[in-house]
Amino acid sequence: MPEFANDPEGDAEWEGLLQQLRHQPLAQPRPFFYGRVQARLAVETSRAWLPGWVRRPAYAMLVGALVLVLSGDDTALASGTIPPAASAPIRR
């Protein structure tokens with residue numbers, strides 16, 4: 001068994017360190033911290049010209065895929081050939 005396992009002096013040292021930490025003053029933010037945070041939040045909300053769901057990539061890709069699926073004419077895809085109207089030359 002290691003010799004530091006039952007060392008009562010080690011416990012006293014730790015207790016002393018913990019007592020020092022307990023008596024430390026609480027940490028305080030730098031001056032005007034909350035004012036800077038509020039100003040930054042106000043700027044970010046004023047820049048949001050897109051709706052929140054569009055700014056998420058998954059939703060944007062879903063909407064893009066939906067537009068592509070719904071915008072096409074599926075007659076060319078169903079038959080595997082180009083319809084005659086699409087391959088005919090334009091006459092004036």
Side-chain angles (χ1 to χ4, degrees):
M1 193 161 185
E3 58 181 83
F4 61 83
N6 294 325
D7 186 16
E9 294 174 6
D11 288 340
E13 289 177 30
W14 280 109
E15 285 296 324
L17 287 173
L18 290 174
Q19 286 296 329
Q20 289 177 2
L21 285 176
R22 287 185 190 117
H23 296 297
Q24 290 288 324
L26 295 176
Q28 297 293 324
R30 290 179 20 205
F32 308 108
F33 172 75
Y34 295 110
R36 290 192 308 267
V37 169
Q38 288 178 348
R40 185 177 295 172
L41 287 174
V43 167
E44 287 180 9
T45 56
S46 67
R47 278 192 299 191
W49 54 275
L50 287 174
W53 62 271
V54 174
R55 283 182 264 143
R56 294 190 176 108
Y59 291 125
M61 291 185 70
L62 178 67
V63 169
L66 188 63
V67 166
L68 285 175
V69 166
L70 295 177
S71 68
D73 183 16
D74 63 344
T75 56
L77 296 174
S79 65
T81 61
I82 299 174
S87 62
I90 299 173
R91 296 182 188 167
R92 294 184 184 215

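We use all heavy atoms of the structure for the numbers below, so side chains are in, but hydrogens, waters and symmetry mates are not.
Partners of Pro29 by side-chain contact (heavy atoms from CB on, under 4.5 Å), not counting sequence neighbours, listed by chain and number: Phe33, Tyr34. Applying the side-chain contact (heavy atoms from CB on, under 4.5 Å) rule to Arg30 yields the partners Arg36; only residues at least two apart in sequence or on another chain are considered.
Applying the 4.5 Å side-chain rule to ILVMFWY residues, one finds Leu17 in the same cluster as Trp14.
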